[in-house]
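Reading through the structure tokens given below for one structure.
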Amino acid sequence: MLNIRPYNNKEYLLFPPFIGDYLPKEHLSHVIDEAVEEIDLTPYYRKISTVGNPAYDPALMIKIWFYGYATRTYSSRKIDDKVNTDVAFIYLAGMQKPDFRTISDFRKNNLNELKNSFVDILQICHRLGMTQLGNISLDSKVMKANASASRTYDEKELIKERQEIQKAIEEYLEKANQTDIEEDKKYGTDKRGNELPEDIRDKEKRIKKMKRIIEQLKQAQNKLKQSGKKKINLTDEGAQFQKDKSRIIPGYRVQVAVDSKEQIIVANDVTPDQCDASQLIPMVDEICENVKELKKESNNDEKEKLKIIADSRYNSELNLAELENKENIEPYIPDMRHQAKKQGHKTTESSPFHMSKFVFNQEGNYFVCPVGKKLNYIKQKKYRNRLVSIYTCKECNYCHHFGKCTTDKNGRSIWVSEYAHLVKKMRQKLSTSEGKKIYGLRKITVEPVLGNLSQNLGFREFLLRGKEKVKGEFSLMCTAHNILKIAKSVRCLGKTLKEILTIPEPVLLIDSS
């Protein structure tokens, strides 16, 4: 008698078991199943047609997409395969089997709704006590577009491409005309005598295809002129060349804002812009909107300021001025020069004639240079969307430091921005022990999240094309990140998500990291 367990995978069951019983109680699929039951699906149901074949329940589709993104399954075809072979997908789909086209169309047609569901999942994080909504760090990362760099053209290249294709069409037509002389020899006796030979017919199809390409190139040229951009990618017109470390790729720049308590993403966006400074205010506005929703649901009327922490790429004088007008925002954003000095890099401030060495006399409204000469106020002018005050010394030509301090025959000038006091204020704040401590949270808050998205979850390239579609796709990715955080915390508490959410008082989670 062999000492083995009885085995028969062909045995019939009298009563089919609950599918979820095949999965451990702490399995991620159970968390997603219960989380989706907590969110508002009304916007999805409103879009379902009242005629035709019944649609799959949006709850089913959302669950398999959330689980797909949380388990590095981003393709609708792969999900199609999983709902037939993977127990977790079979459980979430309720043994129904939507095909890949139906799965893909649901994501494509509900991108805005899926973005709103990001906030619903964020709400669950807040109800679980996973967000503090005090220190929020902001950062960005280049993500490759679903496009090839070779398909990127400027206006001259588009015109050249059109001309080459037009020339090829003319050559094909010329060859087709030459066949008229020999058509009797080429046509068989079983033909009517008016058909084109196979090779010419193939070329006719090719000509039609090339004419469509010419039309696409023409449309791309018009879009390029309207956008004001220098180049356009014919595969994904929304993508732009981005510098990613040592390489230049067609892509987008993804933005994430992360709460410091348990690295929950509270806001996200995608932009083709290469500059982070232009994205600061839109991201801050989205953070404020999402935080407002969270506090509204939890009846929390605290007026504590949100500390927004970002690196120097987000700093600009105009941004500081805009944030100064937001009463509920406390920014911690160094400027380039301050950050370089902090990191020990050489700066021009070491020069004995740097602007910082000039003393300002507020009462007389003039500067005094290191050798005691005056730089008097001359005028104000508009420069790069801000007013600057100009101070100039008229005695520089007679100074023995001329050539070191300045080489301008009109004398040394100092330009002072109307927002210079905000830059100084920010530098002073970041120089305090409290400021250094708060800014230090950025590195341990947002950078690990971007690393998790690209390394652990393997999301390094968009599958969808177009600005709005990639925004929806990245929102799905951020939702998956937050769901995985929920699942980790739920496991620590040893209860189901549903059980935790039904507790009357808010749950205060211990640090699950």
Side-chain angles (χ1 to χ4, degrees), residues 18-20 23 27-127 265 268 290 293-294 297 459 462-464 466 468-484 486-487 490 496-498 501:
F18 170 58
I19 311 170
L23 299 163
H27 197 269
L28 174 63
S29 60
H30 291 303
V31 176
I32 290 176
D33 183 57
E34 294 175 345
V36 173
E37 290 177 359
E38 291 291 325
I39 68 179
D40 182 16
L41 301 180
T42 306
Y44 298 93
Y45 290 124
R46 284 182 187 147
K47 297 177 72 172
I48 296 175
S49 175
T50 56
V51 297
N53 290 330
Y56 286 97
D57 194 315
L60 180 163
M61 307 301 287
I62 295 169
K63 288 175 185 178
I64 61 176
W65 269 120
F66 280 3
Y67 187 73
Y69 270 78
T71 56
R72 303 180 64 157
T73 309
Y74 312 124
S75 163
S76 58
R77 284 179 169 82
K78 288 183 179 179
I79 293 178
D80 182 354
D81 178 62
K82 297 278 189 180
V83 295
N84 288 277
T85 59
D86 187 289
V87 176
F89 277 98
I90 293 171
Y91 161 55
L92 292 173
M95 297 189 73
Q96 297 184 40
K97 300 177 181 179
D99 62 23
F100 78 91
R101 181 58 59 197
T102 303
I103 297 170
S104 176
D105 286 346
F106 180 85
R107 177 177 61 176
K108 180 178 68 177
N109 298 331
N110 293 279
L111 287 172
N112 287 331
E113 287 75 16
L114 289 168
K115 285 175 68 177
N116 292 333
S117 293
F118 164 81
V119 181
D120 292 331
I121 296 297
L122 180 59
Q123 186 65 251
I124 294 175
C125 295
H126 189 58
R127 288 168 64 186
I265 299 175
N268 66 85
N290 290 350
E293 287 294 316
L294 298 183
E297 291 292 330
F459 191 78
F462 288 108
L463 295 179
L464 302 183
E468 292 307 314
K469 289 182 180 180
V470 298
K471 283 189 176 199
E473 186 178 7
F474 187 64
S475 182
L476 257 175
M477 195 70 248
C478 293
T479 302
H481 168 87
N482 287 349
I483 286 174
L484 288 168
I486 292 172
V490 167
T496 67
L497 178 61
K498 191 172 183 179
L501 293 176

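- For Asp105, the salt bridge (charged side-chain N to carboxylate O under 4.0 Å, His left out) partners are Lys108, not counting sequence neighbours.
- Among residues two or more places apart in sequence or in another chain, the ring-ring contact (aromatic ring centres under 6.0 Å, His included) test is passed with Phe462 by Tyr252, Phe459.
- Thr479 pairs by the side-chain hydrogen bond (donor to acceptor under 3.5 Å, both in side chains) definition with nothing, not counting sequence neighbours.
- Applying the salt bridge (Lys or Arg N to Asp or Glu O under 4.0 Å) definition to pairs two or more places apart or across chains, none involves residues 82-91.
- Take Ser75 and apply the side-chain hydrogen bond (donor to acceptor under 3.5 Å, both in side chains) test, not counting sequence neighbours, and it matches no residue.
- In this structure a side-chain-to-backbone donor-acceptor pair under 3.5 Å is present from Thr85 to Asp81.
- Evaluation of the ring-ring contact (aromatic ring centres under 6.0 Å, His included) rule for Tyr91 yields Phe18, His30 as partners, not counting sequence neighbours.
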Report task. Show the numbers, then the answer: is there a side-chain contact (heavy atoms from CB on, under 4.5 Å) between Arg107 and Leu464? Result -> CA-CA 10 Å; Arg107 177 177 61 176; Leu464 302 183; 3.6 Å; yes

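- Here the CD1 atom belonging to Ile39 is positioned 12.5 Å from the CG atom belonging to Leu122, to the nearest 0.5 angstrom.
- Pairs engaging residues 111-124 under the salt bridge (Lys or Arg N to Asp or Glu O under 4.0 Å) rule: Lys47-Glu113 [sequence neighbours left out].
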Query - Steps toward side-chain contact (heavy atoms from CB on, under 4.5 Å) verdict (Val36, Leu92) - result: CA-CA 11 Å; Val36 173; Leu92 292 173; over 6 Å; no

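- The salt bridge (charged side-chain N to carboxylate O under 4.0 Å, His left out) test applied to Lys498 returns no partner, not counting sequence neighbours.
- Taking 4.5 Å as the limit, some side-chain heavy atom of Leu60 sits within range of a side-chain heavy atom of Pro98.
- Evaluation of the side-chain contact (heavy atoms from CB on, under 4.5 Å) rule for Asn84 yields Asp80, Lys97 as partners, not counting sequence neighbours.
- Dense packing is recorded around NZ of Lys471, with more than 12 heavy atoms of other residues, nucleotides or ligands lying under 6.0 Å away.
- With Asp33 contributing its side chain and Lys63 its backbone, the two residues share no donor-acceptor pair below 3.5 Å.
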Requested in this report: Begin from the C-alpha positions of Tyr69 and Ile483 and carry the test side-chain contact (heavy atoms from CB on, under 4.5 Å) through to its verdict.
Outcome: CA-CA 10 Å; Tyr69 270 78; Ile483 286 174; over 6 Å; no

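- Scored by the side-chain contact (heavy atoms from CB on, under 4.5 Å) test, Thr71 finds Leu28, Tyr67, Thr73, Phe89 as partners (sequence neighbours excluded).
- Evaluation of the ring-ring contact (aromatic ring centres under 6.0 Å, His included) rule for Tyr56 yields no partner, not counting sequence neighbours.
- The salt bridge (charged side-chain N to carboxylate O under 4.0 Å, His left out) check on Glu38 picks up Arg127, with sequence neighbours excluded.
- Panel note: side chain Trp65, backbone Ile79; no donor-acceptor pair is recorded below 3.5 Å.
- Taking both residues in full, the closest heavy atoms of Ile124 and Ala35 are given as CD1-O, 3.7 Å, listed atom of the first, atom of the second, then distance.
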